[in-house]
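Inspection log for the structure reproduced underneath, given as structure tokens.
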Amino acid sequence: MRRRNRLGVLSVLALLLLLAAFFLLRPGKVSPTPDPYGNSQAQLDPARLAEGVVSFRYTGGEEKRVKVQVTRAGGRDYNYDLANDGSWETYSLTDGEGDYTLRVLTQKENGRYTPVYTLEYALALADPKAPFLASTQFVRYEGTGAAALAEELTEEAQSDGEVIGILFDHVAGSLTYDETQAETVERGYVPHVDEVLERGEGICVDYATLLCAMARSRGIPCKLVMGDAGGSYHAWVEVWSEDGGTVADIPLKEGGWTLLDPTFLSGEPSEEVREFVREPGNYQVKYVY
């Protein structure tokens, strides 16, 4: 009798174990792995993330103001606009290697922004110049007339320095500074390079963005820089030349970055202005795009 009872208990235990295994292991109960590159409201395209270039889109389906925020640990926040219509927008990670926090945020009724997507990413660049070759929201050149013009102007150039010189001379020589625009420009203004070319005039950020876009379109790494110069908020560029050269009497560093200011050196600048531009210490960097 005891043997039968023992066998009965063992049979019940075995049945319970089988039932437990069935409910725990059946496919319908396996939790899906979260997608690290997006959710129902925002997606990130990681295709060029290792190059320091990232694209976002917002698909929350609501008429809200949307921002992208890019922050390197220990650095400042870069805040960009993002359309709420589901279109992709591209940005560069311009603060160098390190740990980045990438966010998409939407504006609430109280005016504050709340994250709807966040990614932590450790950026290690094979080429530190890569973020400054991309066509991005602030320096957009893909499919533009400015890129076509840059190719036409430099098709016979034999060196980086020659390409940079031709493009600098064109921008500094063809644009006129718009004093009215300087007094009325709205916060967050981002130039469209073809519109700048068509107008033939602009402010410092127009000069710098146009030169930067044309240089990048020709494979020349170029930084769009904003900060202080001579006590005023200003925009200028830094270009990379592999083989040196000279632009507007400024020697280009061979295998390095050189500051160029197409606004201050446009028209017929005085020697005092030329001396100011030749001294990088006169420029204090705040943002790099």
Side-chain angles (χ1 to χ4, degrees), residues 24 26-126 130-144 185-195 205 209 212-213 216 223-224 226 286-289:
L24 288 172
R26 62 178 179 167
K29 291 297 183 182
V30 176
S31 298
T33 302
D35 182 358
Y37 298 123
N39 54 37
S40 62
Q41 297 189 71
Q43 293 87 49
L44 177 155
D45 182 352
R48 300 179 63 190
L49 197 49
E51 301 173 31
V53 181
V54 62
S55 296
F56 283 101
R57 67 174 177 176
Y58 176 74
T59 53
E62 300 176 79
E63 292 297 323
K64 293 184 175 182
R65 290 197 66 183
V66 186
K67 295 283 187 180
V68 166
Q69 185 178 78
V70 176
T71 309
R72 187 177 67 83
R76 66 174 67 249
D77 294 338
Y78 281 74
N79 296 300
Y80 304 93
D81 288 328
L82 178 63
N84 59 16
D85 61 2
S87 57
W88 289 96
E89 188 61 89
T90 302
Y91 313 89
S92 285
L93 311 186
T94 58
D95 252 0
E97 295 184 323
D99 296 326
Y100 280 80
T101 301
L102 311 176
R103 294 188 180 97
V104 175
L105 309 98
T106 57
Q107 189 178 41
K108 302 304 180 182
E109 291 181 0
N110 61 7
R112 296 179 180 273
Y113 282 84
T114 302
V116 296
Y117 170 77
T118 301
L119 177 72
E120 305 289 341
Y121 183 75
L123 178 63
L125 291 166
F132 305 106
L133 284 165
S135 180
T136 64
Q137 184 184 72
F138 268 57
V139 187
R140 193 187 310 278
Y141 62 80
E142 288 183 349
T144 65
V185 65
E186 295 183 0
R187 182 181 178 87
Y189 168 65
V190 178
H192 297 278
V193 291
D194 284 353
E195 292 179 5
V205 69
T209 301
C212 200
R216 289 188 191 184
K223 300 177 182 180
L224 172 62
M226 297 186 190
K286 187 172 184 181
Y287 294 104
V288 180
Y289 298 98

Salt-bridge present (R216, E142; N to O < 4.0 Å)
no
Kindly determine whether F132 and V139 satisfy side-chain contact (heavy atoms from CB on, under 4.5 Å), including the steps that lead there.
CA-CA 9 Å; F132 305 106; V139 187; over 6 Å; no
Heavy-atom side-chain proximity of L102 to F56 below 4.5 angstrom
yes
Is there a donor-acceptor contact under 3.5 Å linking the side chains of T90 and S55?
yes
Within the distance-only criterion (no hydrogens, no angle test), does the side chain of E97 pair as donor or acceptor with the backbone N or O of L125 below 3.5 angstrom?
yes
Can you name the nearest heavy-atom pair linking V53 to A130, along with the distance?
CG2-O, 4.5 Å
Ionic contact status for K67 with D81, cut-off 4.0 Å
yes
Compare all side-chain heavy atoms of W88 with those of R57 and state whether any distance is below 4.5 angstrom.
yes
Can you name the nearest heavy-atom pair linking L119 to P36, along with the distance?
CD1-O, 3.6 Å
Whether the side chain of D77 engages the backbone of N79 through a donor-acceptor N/O pair (distance < 3.5 Å, no angle test) should be reported.
no
Under 3.5 Å: donor-acceptor pair, side chain of T59, backbone of S40:
yes
Do side-chain atoms of R103 reach the backbone of T118 as a donor and acceptor pair under 3.5 angstrom?
no
Kindly indicate whether the side chain of Y100, heavy atoms from C-beta on, has any atom under 4.5 Å from the side chain of D95.
yes
For M226, is there any backbone N or O sitting under 3.5 Å from a side-chain donor or acceptor partner on Y289?
no
Which heavy atom of T136 sits nearest a heavy atom of S92, and at what distance?
CG2-OG, 3.3 Å
Flag side-chain contact, heavy atom, 4.5 Å: Y37 against D45:
no
Between Y141 and A213, which heavy-atom pair has the shortest distance, and what is it?
CB-O, 3.6 Å
So do the side chains of N39 and Q41 get within less than 4.5 Å of each other, counting heavy atoms only?
yes
Where is the tightest heavy-atom contact between R76 and Y287, given as atom of each residue plus distance?
CD-CE2, 3.3 Å
Any donor and acceptor pair, going by atom type alone, linking the side chain of N84 with main-chain N or O of K64 inside 3.5 Å?
yes
Nearest-0.5 Å distance, OG1 of residue T101 to OH of residue Y121
13.5 Å
Test item: R72 side-chain N/O and G98 main-chain N/O as donor-acceptor pair under 3.5 Å
no
Please evaluate residues R65 and Y113 with respect to the criterion side-chain contact (heavy atoms from CB on, under 4.5 Å), reporting the C-alpha separation (whole Å), side-chain torsions for both, the decisive distance (0.1 Å), and the verdict.
CA-CA 9 Å; R65 290 197 66 183; Y113 282 84; 3.6 Å; yes
Measure up the Y80 and Y91 rings against each other and bin them: parallel (under 30°), tilted (30 to 60°), perpendicular (over 60°).
tilted
Here the gap from E62 atom CD to Q107 atom CD, rounded to the nearest 0.5 Å, amounts to 12.5 Å
Check L93, T71, V68, T94 against Y78 for a side-chain contact (heavy atoms from CB on, under 4.5 Å) and give me the one that passes.
T94
Smallest separation among heavy atoms of C212 and K223, with atom names
SG-C, 3.8 Å
